[in-house]
There are 2 protein chains.
Amino acid sequence: MAETGGKKRKNSLPTIYDIAELAGVNPSTVSRALNNPGRINAVTEAKIKDAAKKLNYHVNPFARALPTGKTKMIACIVADITNPMFFDAVRGAEAQASDLGYTLVIAESQESSSLEAATVERIMPSVDGVVLVTSRLEDAEVKEIASRKPVVLMNRRIDGLADVVADISAGIEQAVRHLKELGHESVAYLSGPSTSWMSKHRWQLIFDSAVKQGLKVVEIGPNEPVVDGGKASVDLVLASGVSAVIAYNDLIAIGLMSGLAERGVSVPSQLSIIGFDDIFGSDLTTPALTTIKSPLESAGKLAVQALLADIEDHDAEQALETAKRLAGHLVMRASTAAKK
Amino acid sequence: MAETGGKKRKNSLPTIYDIAELAGVNPSTVSRALNNPGRINAVTEAKIKDAAKKLNYHVNPFARALPTGKTKMIACIVADITNPMFFDAVRGAEAQASDLGYTLVIAESQESSSLEAATVERIMPSVDGVVLVTSRLEDAEVKEIASRKPVVLMNRRIDGLADVVADISAGIEQAVRHLKELGHESVAYLSGPSTSWMSKHRWQLIFDSAVKQGLKVVEIGPNEPVVDGGKASVDLVLASGVSAVIAYNDLIAIGLMSGLAERGVSVPSQLSIIGFDDIFGSDLTTPALTTIKSPLESAGKLAVQALLADIEDHDAEQALETAKRLAGHLVMRASTAAKK
DNA sequence: GACCTTTTGGCAATCGGTTGACAAAATAAA
DNA sequence: TTTATTTTGTCAACCGATTGCCAAAAGGTC
């Protein structure tokens, strides 16, 4: 019969007191030798480190966190963990965090702002800082959180807070021009959740760009940012009479394509579709999805870099500056074609 | 009445000492009232809870962890966080963990057993238990870990340890029979990493089933369990002369399909392909991928249930029994066809 | 009212590190 | 050699909660 784990976890782990005894010094000397290299005589330090190695010592993060308040953990809160978009972001964040000796805690808010608030509340005491990826909270709530611990936003911008938002204006410009060049005269934007800053942001840029290029443009939404959300909007899209659609994200775009296929509307000959993010799978659809990619893995990395800079009182500007130079661009595939 | 020198400390978070002062009781009484309902007189308890609410008190998890050794955190270690297969598993795990008041720490081992060992070492002191999803460690290493803290395995089985492995024998049986009925006489198994228990397991079942049904069967591998891994195996597959392939996972299957498309080999008319897992995107390919699905979200849930049962000294058997009844089945789509 | 239980709540030790203050030792300067 | 300075390591007070032990208070019984 399978027993979960072993039950003999009585063996207390080695402590600095054990090391102190073995090395014949005071525990506080051990602490200094380990955390404050140079503060202690080199030979004593070496002796202590040897003892630590011999005992296979690992600092107890909780004992350390108590007096210092530093936990060496950071949280990453995402709206929907199954959206492939997050995985690139999370991977970047995780890699950067563990590179710098931090542990990443992940929590999902399931697209609910109240759940997000509760999650933040629960996790805050355990971490040194938080990366909010696509937060659904209100500005004031986010600011309140940021007043307690360092916070970096991804895919959202709030005055006075650090953020990592790839510049997609060029990508959108390309996309709209692309549609224009294909002879389209009208575009619809299939928006995301009404609480999504990024959805509004994209709409704004698309609107501006479309107007500038003389295209008619409408917003259709809000839509749930999942495949079914796109599928559900088929009727509205068809009724709007547009010949091209830009969706808030690839998931919606994919859902729309599949809904259209069921209706016998062919893409791209009858309707051109462009998504956002270039998630896994967006090149697998038929036709392959044209999409505006944003560099999510780098964004995740930079968000963590900036967060840790803030936490450790370094200069966060560098990471944030680099982040400003992140840019999205159009990935041309097969879901767009000339209007006929 | 003794004046307790109620001078406010730094603007730090409220502690049980603040509550004690406000409620006019001893800190230990506060601790008991909060964690041990019933141990304390009802009216005192209510008074304490009121005070706690008024101060917006939240227990400091680190201060608690120190004497108890319980952190209310569990870790989930995955081989490759960008493999969509993990999305569902992680989502199930996260949901179940936060439901039960635990926080999920996620770490990625990047398919490297040494990195996995280091990661485990780093995270172990911070958590009450570990879910190893597709571990690449050796049995002995895993056992050593399990001797220190509760461990539950997903997608792997080691004697004496708790595991959650969906029963895919029926699904494989269906798949092989399906191929047989389509007139195929030979199958190749595109295996995964050589350190993957699950890859061996699948090969074993496929082999047995194929032999039983009188099909010729070969193993081609190991392959990296990513899209490029599948793409890279095209030559070997074509050279083997089989008319059907079962891949270790959907990613490899998808890669193979795309590699074949580049070679002008058409699926399924010239080669039938079956994957494993039914990940996001596997229904988006052309042709849509026939695959053996396993219930990953439930598996993630059950793994956490079993782990927490062990941690909290309940009975883990129930969750493990339920897990034994998880079964995978064939999802028939369009990547298989009659041999011609 | 005396005696015995059971509740209830306080005291103080403890978990494992960190760190300011300070003494002892070593080194440099006078 | 004496004094000033720096280096090195010790002491002890925390950090915030938990918990065994014990005494005071309350409730029951005869």
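Each chain gets a letter, A, B and so on, in the order the sequences are listed, and its residues count up from 1.
- You'll find that the side chain of B:P67 is closest to D:dG16, out of D:dG16, C:dG9, C:dG16.
- Mapped onto DNA chain C by nearest heavy atom, A:R64 and B:A42 fall at different nucleotides, with B:A42 at the one closer to the 5' end.
- Atom NZ in A:K70 sits about 16 Å away from atom C1' in C:dT19, given to the nearest Å.
- Note on B:V30: nothing from the nucleic acid sits closer than 4.0 angstrom, heavy atoms only.
- In this entry the distance linking CZ of A:R39 with C1' of D:dT7 reads 8 Å, nearest Å.
- A salt bridge links A:R148 and A:E121; the closest N-O separation between the charged side-chain nitrogens and carboxylate oxygens is under 4.0 Å.
- In terms of position on DNA chain C, the residue among B:L66 and B:R32 whose nearest nucleotide sits closer to the 5' end is B:R32.
- Residue B:S31 has a polar side-chain atom (N or O) positioned under 4.0 Å from OP1 or OP2 of D:dT18.
- Taken from OG1 in B:T103 to CD1 in A:I106, the straight-line distance is 12.5 Å, to the nearest 0.5 Å.
- With respect to the salt-bridge test (charged N to carboxylate O, under 4.0 angstrom), the residues A:R91 and B:D80 qualify.
- OP1 or OP2 of D:dT18 has at least one side-chain nitrogen or oxygen of B:N35 nearer than 4.0 Å.
- Heavy atoms of B:T68 sit under 4.0 angstrom from primed sugar atoms or phosphate atoms, though from no base atom.
- If you measure from atom CG of A:D18 to atom P of C:dC15, you get 11 Å, rounded to the nearest angstrom.
- Rounding to whole angstrom units, CG of residue A:N41 and P of D:dT6 are separated by 18 Å.
- A:R156 places a side-chain N or O within 3.5 Å of a backbone atom of A:S135 that can act as its donor or acceptor partner.
- Remark: B:T44 is in phosphate contact with C:dG9, judged by side-chain N or O atoms under 4.0 Å from OP1 or OP2.
- Atom OH in B:Y57 sits roughly 8 Å away from atom C1' in D:dG16 (whole-Å rounding).
- Looking at the side chain of A:I16, the nearest of the listed nucleotides D:dC21, C:dG17, D:dA17 is C:dG17.
- Looking at the side chain of A:I40, the nearest of the listed nucleotides D:dT10, D:dG9, D:dA17 is D:dG9.
- Atoms NE2 (B:H58) and P (D:dG16) sit 16 Å apart, rounded to a whole Å.
- A salt bridge does not link B:E141 to B:R136: none of the charged nitrogens lies less than 4.0 Å from a carboxylate oxygen.
- Proximity of A:N60 to the phosphate of C:dC15: no side-chain N or O atom is located under 4.0 Å from OP1 or OP2.
- In this structure, A:R325 does not pair ionically with A:E321, as no charged nitrogen and carboxylate oxygen lie closer than 4.0 Å.
- Counting non-hydrogen atoms under 4.0 angstrom, A:T29 reaches a base of the nucleic acid.
- Among D:dG9, C:dC15, C:dC11, the nucleotide with an atom closest to any side-chain atom of B:S28 is C:dC11.
- Between B:N26 atom CG and D:dT18 atom C1' there is a gap of 12 Å when expressed in whole angstrom units.
- Across all strands, A:Y17 comes closer than 4.0 Å to base atoms (heavy-atom distances).
- Between B:N36 and B:F62, the residue whose closest nucleotide on DNA chain D is further toward the 5' end is B:F62.
- Rounded to whole Å, atom P of C:dT18 lies 11 Å from atom NZ of A:K72.
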